[in-house]
Amino acid sequence: MSGRYDRSQASHEQASRVLPGGVNSPVRALKSVGGTPFFTVSGDGAIVTDVDGNQYVDYVGAYGPLVLGHNHPRVHEAIRSALDRGTAFGTPTQLETVLAERIVDLVPSMERLRLVNSGTEATMSAIRVARGATGRSKLIKFNGCYHGHADYLLVKAGSGALTFGQPDSAGVPPGSAADTLVAAFNDLDSVDRLLEANAGQVAALIVEPVPGNMGVIPPTSGFLEGLRQRCTDHGVVLIFDEVMSGFRVHIGGAQSLYNVIPDLTCLGKVIGGGLPVGAYGGRAELMGHVAPEGGVYQAGTLSGNPLSVAAGIATLETLQSEGVFDTLCAGAEELCAKLSQAANDAGVAVTIQRVGSMFTLFFRLNDERAALTNLSDVQACDFDGFSTYFHAMRDRGVSLPPSQYEACFVSTAHDTDAIDRTMRAATAAFRAVAACVV
Ligand SMILES: *Cc1c(COP(=O)(O)O)cnc(C)c1O
């Protein structure tokens, strides 16, 4: 028998013998929608090709980094020319300063920064700086926001967790999550309650200013401003985790879009142009706490790696070129309008939430169309509808992130042809969803 995904299935079986779940990051295993992941051999522009020779218009974008699409010529060339000079030195290189200066120019809160290797490292390190600078231990995060996989960040609200966090993962000792307090996104009262109950003990409040890790949930008017005010009043370090939203919602991040300036910012994804990277930074005085200038230790053998830095510079440079970012966002807006129309035509209840070049198409139950503002709204979505849509799209050559809790990423390579292909698939996929609803 020769099926559409035969080679991917064989590859997955082989991989599963040596890699847990056959993958190196859990979401890739498609657990929430079922089925076997396809194994990719190459990507070019908006298109990826799998081991069976199937092609897909790609909205995964490596989960965010590939804002210029796959194998962009300028990024390719930058990596190649860095590669010709060597892969790692363990000494400073000039390109690290070039990338840092570019980030400082673009992101208002970042006067100085440190480059690391992943978003996870960036958030861990930023929180260490906040704790070192304040001498306090506690931390406020929001239910449904993801900040990487550090022990004390793998916490979301279970019942009663609005006061003390409970670990979300096996292997996290209760003690390491005990200083993590969980509030509800877009709910300033929940923040007030935590600040009051823990007066003088909260070092940092960390937030995705535009969450993308529970699907795209824009901040309601006044929410980010309210966080800024409360952090100032209580001496709490405000950390924006812009690992996803940075260079996605605005060329200067969510802080530029909403004009709310945090004390520290975490970056990743786009600033590595598809290679491993992260960064954290903020007010010069706060960053002065980082070793070797200050007492907050943080290090990395491959930090500021020449290939990652070269790819990041080329990506940001291209994104900053005249009109590129605006065109990217306009393309995403147009796509969302078309998807919304097609869903309507098929009689499928959806709400599409988009900020800049990232969006989520939420399948709604009971014909609900109001905006989703926090995790519990997302949990009330039609997950079966999403799974049907995901597979119908994939079988028709469109690759989506495999969960209702993820964001779709549009790139500058998504041209008219890619959008047309997407819409042909979506029209049929919405009909398939409608047919399942009886
Ligand atoms: C992806 C992501 C991270 C983690 O970054 P990694 O590079 O996967 O460690 C942290 N925060 C946010 C908001 C992210 O989207």
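Just the heavy atoms: all of them, side chains too, but no hydrogens, waters or symmetry mates, feed the values below. Both counts, for ligands and for their atoms, begin at 1 and track the order of listing.
We find that Arg364 and Asp382 are not joined by a salt bridge, their nearest charged nitrogen and carboxylate oxygen being 4.0 Å or further apart. Here Arg17 does not pair with Glu13 in a salt bridge; the nearest charged N to carboxylate O distance is not below 4.0 Å. Looking at Arg114 and Glu96, no side-chain N of the basic residue comes within less than 4.0 Å of a carboxylate O on the acidic one, giving no salt bridge.
At least one donor-acceptor pair under 3.5 Å links the side chain of Asp50 to the backbone N or O of Asn54. Checking side-chain atoms of His391 against main-chain N and O of Val33 turns up a donor-acceptor pair under 3.5 Å.
Sorted by chain and number, the residues within 4.0 Å of ligand 1 by heavy atom are Ser118, Gly119, Thr120, Tyr146, His147, Gly148, Glu208, Asn213, Asp241, Val243, Met244, Lys269.
Not counting sequence neighbours, the partners of Thr220 by the side chain to side chain donor-acceptor pair (under 3.5 Å) test are Asn186.
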